[in-house]
Amino acid sequence: MRIDIISAVPQLLESPLNHSIIKRAKEKGVVEINIVNLHDYGKGKFRHIDDYGFGGDSGMVIMPEPLYNAITDLTERRKYDYVIYTSPDGEILDQPMANSLSCAENIIILCGHYKGIDHRIREHLITKEISIGNYVLSGGELAAAVITDAIVRLIPGAMSDETSALSDSFQDDLLAPPIYTRPADFRGWKVPEVLLSGNPKLIKEWQEAQALERTKRLRPDLLKK
Ligand code: SAH
């Protein structure tokens with residue numbers, strides 16, 4: 001899979017995309033992540049990308065031309081499954097969406113900044129708009145990092161144990177059961193007996209019952225689905 005992220009502040013993406021699972025997935029060739037600096041498509045000597053918004057509202061707006069040039073530079077070279085814009089008014093990211101995006105071949109993620117981007121780009125070039133929650137961030141970079149992380153860990157080969165992602169919360173609309181590691185007794189706080197039983201059937205039944213109980217108690221909305 002290839003992910004191209006277009007950003008006005010690429011430095012914000014450096015740490016989240018260069019460690020842990022994403023780093024290893026890149027090294028293994030499972031995913032290629034390319035960061036495009038929007039200022040490379042900026043206008044004039046100072047490569048500026050923003051201008052005052054029409055209508056007198058405060059705040060700067062990213063101009064259509066640098067966005068158009070950055071996006072078409074990519075789309076002229078290969079076919080993209082999605083041209084995504086990160087936006088607080090987009091469809092809220094959830095596990096089924098991450099599952100489906102992880103099957104794509106090539107995607108673009110465009111990060112907004114300031115007041116946002118000129119609406120004509122959203123109308124003509126963007127094919128999917130994603131929000132990571134009902135709050136406003138200063139830029140789309142952290143949202144792009146969240147989306148990328150959620151997708152990449154699902155691509156076969158990204159994680160050392162491929163089945164692990166399937167037992168995470170939200171797969172099957174259930175929260176994950178509690179997890180424990182050694183020691184079995186820490187300061188008198190004991191790991192549930194059944195997990196030490198060595199009986200896979202009993203353990204699975206316990207995990208399923210816990211997942212259901214936690215979902216009922218903490219996220220009953222998931223069960224209504
Ligand atoms: N004026 C916009 C907010 C702009 S915030 C509005 O009221 O909707 C600046 C940029 O941060 C946006 O262009 C978007 O790319 C990003 N952003 C902010 N909140 C976000 C969220 N919840 N999910 C995804 N991207 C977000």
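Whatever order the structure lists ligands and atoms in, that order sets their numbers, starting from 1. Just so you know, these numbers come straight off a predicted model, no measurement behind them.
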What atoms of ligand 1 come closer than 4.0 angstrom to any heavy atom of [X]?
X: Gly140; result: 11 (O), 15 (O), 16 (C)
X: Gly116; result: 13 (O)
X: Gly139; result: 10 (C), 11 (O), 16 (C)
X: Gly112; result: 10 (C), 13 (O), 15 (O)
X: Ser131; result: 22 (N), 23 (N), 24 (C)

Heavy-atom pairs closer than 4.0 Å: do any link ligand 1 to the side chain of [X], the backbone, both, or neither?
X: Ala143; answer: side chain
X: Tyr114; answer: backbone
X: Ile117; answer: neither

Any N or O of [X] closer than 3.5 Å to N or O of ligand 1:
X: Cys111; answer: no
X: Asp89; answer: no
X: Leu137; answer: yes
X: Ile130; answer: no

Do [X] and [Y] belong to the same hydrophobic cluster, where Ile, Leu, Val, Met, Phe, Trp and Tyr are linked whenever their side-chain heavy atoms lie under 4.5 Å apart, directly or via other members?
X: Ile121; Y: Met60; value: yes
X: Val9; Y: Leu67; value: no
X: Ile5; Y: Val30; value: yes

- Work out whether the distance between some heavy atom of Gly90 and some atom of ligand 1 is less than 4.0 Å.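 Heavy atoms of Gly90 never come under 4.0 Å of ligand 1.
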### Query
Leu110: heavy atom below 4.0 Å from ligand 1, yes or no?
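No.
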Which residue and non-hydrogen atom of the protein lie closest to [atom], and at what distance in Å?
atom: atom 13 (O) of ligand 1; value: Tyr85 OH, 2.7 Å
atom: atom 14 (C) of ligand 1; value: Thr86 O, 3.0 Å
atom: atom 17 (N) of ligand 1; value: Pro88 CD, 3.8 Å
atom: atom 22 (N) of ligand 1; value: Tyr135 O, 2.9 Å
atom: atom 23 (N) of ligand 1; value: Ile132 N, 3.1 Å

Does the side chain of [X] reach to within under 4.5 Å of the side chain of [Y], using non-hydrogen atoms?
X: Met63; Y: His48; value: yes
X: Tyr52; Y: Val61; value: no
X: Tyr80; Y: Asp4; value: yes

* **Step-by-step salt bridge (charged side-chain N to carboxylate O under 4.0 Å, His left out) determination, Glu65 to Lys43** => CA-CA 9 Å; Glu65 191 176 333; Lys43 288 177 90 169; 3.6 Å; yes
inquiry  = Using the rule side-chain contact (heavy atoms from CB on, under 4.5 Å), only one of Val152, Ile151, Ile3, Ile109 pairs with Leu101; which is it?
reply    =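 The passing option is Ile151.
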Exercise for the section: With salt bridge (charged side-chain N to carboxylate O under 4.0 Å, His left out) as the test, would you mind laying out the steps for Lys26 and Glu32 before giving the verdict? Expected result: CA-CA 6 Å; Lys26 289 202 291 189; Glu32 186 184 343; over 6 Å; no
Review point. Distance below 4.0 Å between atom 7 (O) of ligand 1 and any protein heavy atom?
Key: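 It does not; no protein heavy atom is within 4.0 Å.
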For atom 3 (C) of ligand 1, state which one of Leu93, Val136, Asp57 supplies the nearest heavy atom.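 Nearest heavy atom to atom 3 (C) of ligand 1 lies in Val136.
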Options Lys115, His113, Glu129, ranked by nearest heavy atom to atom 1 (N) of ligand 1, top entry: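 Nearest option to atom 1 (N) of ligand 1, by heavy atoms: Lys115.
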- [ ] Begin from the C-alpha positions of Ser7 and Glu141 and carry the test side-chain hydrogen bond (donor to acceptor under 3.5 Å, both in side chains) through to its verdict.
- [x] CA-CA 7 Å; Ser7 160; Glu141 285 76 14; 2.7 Å; yes
Practice task
Give a yes or no on whether the backbone of Gly90 and the side-chain of Lys128 come within a donor-acceptor separation of less than 3.5 Å.
Solution key: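 Such a contact is absent between Lys128 side chain and Gly90 backbone.
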Exercise. Does the Asp149 side chain pair with the main chain of Ala145, one donor and one acceptor, at a distance under 3.5 Å?
Worked result: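 It does not hold such a pair.
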- Given Lys224 and Asp173, is the salt bridge (charged side-chain N to carboxylate O under 4.0 Å, His left out) satisfied, shown in steps? CA-CA 10 Å; Lys224 286 200 198 98; Asp173 289 327; over 6 Å; no
